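Residue numbers run from 1 in the order of the sequence given. Since the model is a prediction, treat every value here as computed from it, not as a measurement.
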Amino acid sequence: MNAALIAKRNELEATLRDAGSVVVAYSGGVDSSVVAEVAHRVLGERSLAATAVSASLARRELDAAVALAHERSWNHRIVTTHEVARDEYAVNAPDRCYWCKTELYEVLAPLAAQRSAAMVTGTNADDLGDHRPGLQAAGEHSVRAPLAECGISKAEVRALAVVLSLPTHDKPASPCLASRFAYGVRVTPEGLRRIERAEEAVRALGFTELRVRDHGDLARVEVPAGQLELAAASGGALVDELKALGWRYVTLDLAGFRSGSLNEVLAAPALRRSP
């Protein structure tokens, strides 16, 4: 580690230590796993990693999160959230994440209160410049973001994960399944299960970084630009698999995989809406 990263790690440890007790919103990704690991090291049993389970969480993500928490001997708990039952969430406007995080923090708040703990997330410094309505919900519920507070970027989070020997250090971003729905396409438990099955089908064809985007009758498949030829060669299988799940049309995005591609439409100001 270079001197700057050492200083940031020390600051992160001090920030968590000063909190006294924390409940970490732990999804299994690299950001929240770094926060959970450092909190565990400095706070021990006064740190609780909480994983929210709902229809929008892929089973493989839950299994990986639980396995890592067990492997690292973290104090870990699974909680249940019901964001899909909220109409404000299900209508899938650009502020969907606000309602998701509102549900999460309302579920975690009593748990944090029982432990006299602060709620903390894995939001990093880079996230502050992105379209993240969930940050407003965090502010409304006094949720802290130690990585962002310490100015730790995504690249630095991954570097810290390497130093901490976390297997998530190179894990691709894997947001909730609802993020695959084009804005305006209603999020339902059935639709979420369909997305999960679709991505497992594409993964079975040999792709590891991918998204299947739901545009109603159309499924838009994203794989890395360097694998477009392979995806095109698998076109028959892709079409068969996804049409069997109910889509009428299947398309391969020639721009390649890019995280958050559905937010590209938000360049149109009329589509932005604050809660």
Please check if the side chain of S32 supplies one atom and the backbone of S27 the other of a donor-acceptor pair under 3.5 Å.
yes
Those residues at least two apart in sequence (or on a different chain) that pass side chain to side chain contact (heavy atoms under 4.5 Å, CB included) with R193 are P189, E190
By side chain to side chain contact (heavy atoms under 4.5 Å, CB included), A204 pairs with (sequence neighbours left out) none
In the structure I gave you, are the side-chain heavy atoms of [X] and [Y] within less than 4.5 Å of one another anywhere?
{"X": "L192", "Y": "V187", "result": "yes"}
{"X": "V84", "Y": "Y89", "result": "yes"}
{"X": "V120", "Y": "R144", "result": "yes"}
{"X": "R41", "Y": "L164", "result": "yes"}
{"X": "F257", "Y": "R211", "result": "yes"}
{"X": "I152", "Y": "N124", "result": "no"}
{"X": "P133", "Y": "K101", "result": "no"}
{"X": "S56", "Y": "F181", "result": "no"}

For side chain to side chain contact (heavy atoms under 4.5 Å, CB included), just list the numbers for V107 and H82, CA-CA rounded to whole Å, side-chain angles, deciding distance to a tenth of an Å, and then say yes or no.
CA-CA 9 Å; V107 169; H82 302 281; over 6 Å; no
Partners passing side-chain hydrogen bond (donor to acceptor under 3.5 Å, both in side chains) against [X] (at least two apart in sequence or in another chain):
{"X": "K243", "result": "none"}
{"X": "H215", "result": "R220"}
{"X": "R158", "result": "none"}
{"X": "E199", "result": "R180"}

Which other residues end up in the same hydrophobic cluster as Y249, if Ile, Leu, Val, Met, Phe, Trp and Tyr are linked when side-chain heavy atoms come under 4.5 Å apart?
L218
Heavy atoms of other groups near R203 CZ, more than 12 under 6.0 Å:
yes
[Y] reachable from [X] in the ILVMFWY side-chain graph, under 4.5 Å edges:
{"X": "V38", "Y": "I6", "result": "yes"}
{"X": "V157", "Y": "V162", "result": "no"}
{"X": "M119", "Y": "L12", "result": "no"}
{"X": "V42", "Y": "W74", "result": "yes"}
{"X": "L108", "Y": "L147", "result": "no"}

Determine the minimum heavy-atom distance between [X] and [Y], stating which atoms define it.
{"X": "A237", "Y": "L205", "value": "CB-CD2, 4.1 Å"}
{"X": "P172", "Y": "E209", "value": "CB-OE2, 4.1 Å"}
{"X": "A198", "Y": "L242", "value": "CB-CD2, 3.6 Å"}
{"X": "S165", "Y": "R72", "value": "O-NH1, 2.9 Å"}
{"X": "L104", "Y": "A52", "value": "CD1-CB, 3.6 Å"}
{"X": "E140", "Y": "Y98", "value": "OE1-OH, 2.7 Å"}

Does the distance from a Lys or Arg side-chain N to an Asp or Glu carboxylate O, for D214 and R194, drop under 4.0 Å?
yes
Between D127 and K154, is the closest basic N to carboxylate O distance under 4.0 Å?
no
By ring-ring contact (aromatic ring centres under 6.0 Å, His included), which residues pair with H76, not counting sequence neighbours?
Y26
In a check of side chain to side chain contact (heavy atoms under 4.5 Å, CB included) between T123 and each of L128, V143, V35, D31, which one passes?
L128
Pairs flagged by side-chain hydrogen bond (donor to acceptor under 3.5 Å, both in side chains) wherever residues 225-242 is involved - sequence neighbours left out
none
Using the side-chain hydrogen bond (donor to acceptor under 3.5 Å, both in side chains) rule, collect all pairs that involve residues 106-116, keeping only residues at least two apart or in two chains.
R86-E106
Donor-acceptor pairs are to be reported for all side-chain atoms of residues 57-69 against protein atoms at under 3.5 Å, with residues two or more places apart or in another chain.
from, atom 1, to, atom 2, distance (Å)
R59, NE, D63, OD1, 3.0
R59, NH2, D63, OD1, 3.2
R60, NE, E200, OE2, 2.6
R60, NH2, E200, OE1, 3.2
E61, OE1, K171, NZ, 2.8
E61, OE2, S174, OG, 3.2

Show me, pair by pair, the donor-acceptor contacts under 3.5 angstrom made by side chains of residues 14-25, not counting sequence neighbours?
from, atom 1, to, atom 2, distance (Å)
T15, OG1, E11, O, 2.8
S21, OG, R46, O, 2.9

Start with the C-alpha gap between V91 and W99, add the side-chain angles, then the distance that decides, and say whether side chain to side chain contact (heavy atoms under 4.5 Å, CB included) holds.
CA-CA 11 Å; V91 296; W99 298 106; over 6 Å; no
At what distance, to the nearest 0.5 angstrom, does [atom1] of [X] lie from [atom2] of [Y]?
{"X": "L210", "Y": "D253", "atom1": "CG", "atom2": "CG", "result": "13.0 Å"}
{"X": "L48", "Y": "N75", "atom1": "CG", "atom2": "CG", "result": "5.0 Å"}
{"X": "K8", "Y": "E13", "atom1": "NZ", "atom2": "CD", "result": "15.0 Å"}

Is there a side chain to side chain contact (heavy atoms under 4.5 Å, CB included) between R77 and L111 once you walk through the steps?
CA-CA 10 Å; R77 187 176 302 184; L111 186 57; 2.9 Å; yes
Given side chain to side chain contact (heavy atoms under 4.5 Å, CB included), test F207 with V221 step by step and report yes or no.
CA-CA 11 Å; F207 301 95; V221 179; over 6 Å; no
